[in-house]
Amino acid sequence: MAASPRPAAPTRLALLTALALGFAALAGIAIGTVAWLSFPAPAPPSSTSGGAIWPVSPTPEGLDRDTAVRPAVPAPPLRLTDQEGRPFDLPSLRGRPVLVFFGYTHCPDVCPTNLADVRDALKLVDGEVGVVFVTIDPARDDAAAMKQYVDYYQAGYIGLTGTEDEIRAAAGAWGVSYAKVETGSASGYAMAHTADTFLVDAEGRLRHRIWFGAGPEILAARVNALATEAPATPGPASPPATTPAAWPPPSTPAASTPAPPSAGPSPATAVRVRLESAVVRAGPNRIVVTVSDPDNRELAKPDVAASFTFRSTDDPALAPVEVTGIFIWVVRGGKAAYVAEMTLPRPGGYDATITLDGPAGRVGSAGFTMVAREQSPTPPIGAMAPSVRTPVAADVGGNLQLLSSDVFPDLRFYEHSVDELLAAGRPFVFTIYSPAFCPTTACGPLLRYMKEIATEFPAMTFVHAEPYVMRDMGGRIQPEYEGNGYAWASWSQAYGIPVEPYVFVVGADGRIVASFELIVGSDEIRAAIRTATGE
Amino acid sequence: MTPACSFARRGGLLLAALVIASVATGCSSGSASIKVADPWARASSATAAAGAAYMKIENAGSAADALIGASSPAATTVEVHETVALGSPAPAASGGGSMMGMQPIKRLEIPAGGSVELKPGSYHIMLIGLKQDLKVGDTIEITLTFEKVGEIKVSAAVRES
């Protein structure tokens, strides 16, 4: 059985290099049907100490679901090899919309479904549309295999392959995750992969990312919507001036070759910025961004300063908010990020800019947009922490492997339930995180760092809970599936978290002192603990 | 599987695309009655590494049954697989979905009085090592093996989607 509580190192590496807040499943896959791991029935939600419960709002499905990529950035490169063995890149299809999706030829269900959906969608579309299928299994899919596969569906479809490195870079740039999974099937290994379909417009801009299973009608609707747009204004009316820095303007023939070939003092690097935070709200905020160059090389460094500017697009008269970014490691010595702490004056859209300055001068800058919500799904700073029963060691006879997907679960994190600590008036740090199954690129060795911090603060109590409903697969636990992903556990729902990891620091009065989404620096947690304990 | 419930019915009825098999006796916990509706296979080239077939399996009986295996003259090996979403859905305003993976299913329970649909993006019969092109209009025979009612043969029509 392929289940392993930890991804193989290369998989983790691939996931970390993947730029997107991807959906990288890690580790093993549930096999068969095994009994549920049952925690003691959670106590009735003891009326949550007066704190409100923020429900997780369901994602709208169907035609109404927002699939737009904002701003409409030039599509990442696809410098790969086509099914005839010729070099390919996306600009060769300029002038028509293009549907791009990733998969592999040994894929019996998902990829044929995607290909059939695309083929059926194009029956509902007038005009020429390019179709590009990119393998994430280059070990088995050479150009000949791709040719057989795509030609079967429709002459004219393009099938791309490349070296392992080329495929990894391309997938990473598109925010596509994949992992080899040994299933024990007679067909050999399977590839788990992001199966979204990407829509690139005729000008070469990435416009939509459409979930697997959306079906032909939705795909066709998104393609047809491009045709009805006013010409030449497909994106926001005035895209942030810095955005094109990420890629050459679409009209540049040598698309996606930002660096000049000559040596010498290199001008500003093309910066690709990604807003990692899922929750942005009016008022005090802590957002995290990651930055890389077009080849996915990390640009966040301890000696590179980041400055942020946020301009309200709904009220341009408001003075822009300017803050200096805080550098944090996601993985010490490896992946890093910048945190911006600022107060947004109003809900609505913001055009943001990040500018990087290193010891040798300006590194570059890039723009991104974000929408500040009136209210956040998670309880705000100062709100009462929801009182929830979280599983403790005593529930499982001390067998921590049934509580945590951590390879080395630490008893200190499973001694007390959140409701118990709130009732006792004890401050605590509540980490909701799945070391083995965290699906985003924000996942670092968070729990390992948290154990170090727990040792530094013996008076503080630490609680860890898996974010998902877990089931016992015979001594090891794995998440239960629900709808389009893992099933959120009751405590995750009570805290309204839309992603993991999340860390809440709660004071002795039961109020939330700080909350950290996705990426958090150890020093940020230390500072919040000092606040919570009044040190 | 208790001996009392392992009574297997060999053969089974083939009635166009609608098959009913039932076991009325031999199992103390009631009987399973399995019906397979609308079996179909996706058109595929024989050069494809694997094909897929889909259907709805209904159990009108008072006892649960389970699909535990399958075979077909059209493929070297036939397995039951499930496509699963891995990881949570995309954050914020992203139209993307989870990473999709696949797992073999050794035992697919068909609850008493319930049904399980094998459909794209979910459970499917995986046809490994196709011996022939699956051409639209053809039918292929698939033998499903259930824990209680035994083997049921179905004819799956080959369709595009």
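Because the structure is a prediction, the values reported are computed rather than measured. In what follows, every chain begins at residue 1, and chains take the letters A, B, ... in the order their sequences are listed. Both backbone and side-chain heavy atoms feed into the values below; hydrogens, waters and symmetry mates do not.
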(message) Heavy-atom pairs under 4.5 Å with chain B - which of Ser187(A), Cys107(A), Ala195(A) has more of them than the others?
(response) Ser187(A)
(message) Heavy-atom cut-off 4.5 Å, strictly under: side chain, backbone, both or neither for Ser185(A) against chain B?
(response) both
(message) Quick one: does any side-chain atom of Asp133(B) pair with a main-chain N or O of Ala46(B) as donor and acceptor, under 3.5 Å?
(response) yes
(request) Please look at Ala186(A) and chain B and tell me whether the side chain, the backbone, both or neither of the residue comes under 4.5 angstrom of a heavy atom of that chain. (result) both
(request) Please state whether the side chain, the backbone, both or neither of Ser122(B) comes within less than 4.5 Å of a heavy atom of chain A. (result) backbone
(message) Taking the ring centre of each residue, are Phe133(A) and Tyr149(A) less than 6.0 Å apart?
(response) yes
(message) Please classify the contact of Asn114(A) with chain B as side chain, backbone, both or neither, using a heavy-atom distance under 4.5 Å.
(response) neither
(request) Name the option with the most non-hydrogen atom pairs under 4.5 Å to chain A; the candidates are Ser45(B), Gly51(B), Ala48(B), Ala52(B). (result) Ser45(B)
(message) Quick check: do Pro501(A) and Leu518(A) have side-chain heavy atoms less than 4.5 Å from each other?
(response) yes
(request) Decide salt bridge (Lys or Arg N to Asp or Glu O under 4.0 Å) for Arg107(B) and Glu109(B); before the verdict, give the C-alpha distance in whole Å, the side-chain angles of both, and the deciding distance to 0.1 Å. (result) CA-CA 6 Å; Arg107(B) 184 179 180 282; Glu109(B) 177 147 325; 3.1 Å; yes
(message) Only pairs of heavy atoms separated by less than 4.5 Å count here; which of Leu127(B), Thr77(B), Thr83(B) has the most with chain A?
(response) Thr83(B)
(message) Report which part of His208(A) has an atom under 4.5 Å of a heavy atom belonging to chain B: side chain, backbone, both, or neither.
(response) neither
(request) For each of His193(A), Met191(A), Arg140(A), tally heavy-atom pairs with chain B at distances under 4.5 Å, and name the one with the top tally. (result) His193(A)
(message) Please tell me whether Phe198(A) and Phe101(A) form a close aromatic pair, meaning their ring centres lie under 6.0 Å apart.
(response) no
(message) Less than 4.5 Å to any heavy atom of chain A: does that hold for the side chain of Glu79(B), its backbone, both, or neither?
(response) side chain
(message) Is there a side-chain contact between Asp117(A) and Phe212(A) in this structure, where contact means two heavy atoms from C-beta onward sitting under 4.5 Å apart?
(response) no
(request) Flag yes if more than 12 heavy atoms outside Lys56(B) fall under 6.0 Å of its NZ atom; otherwise flag no. (result) no
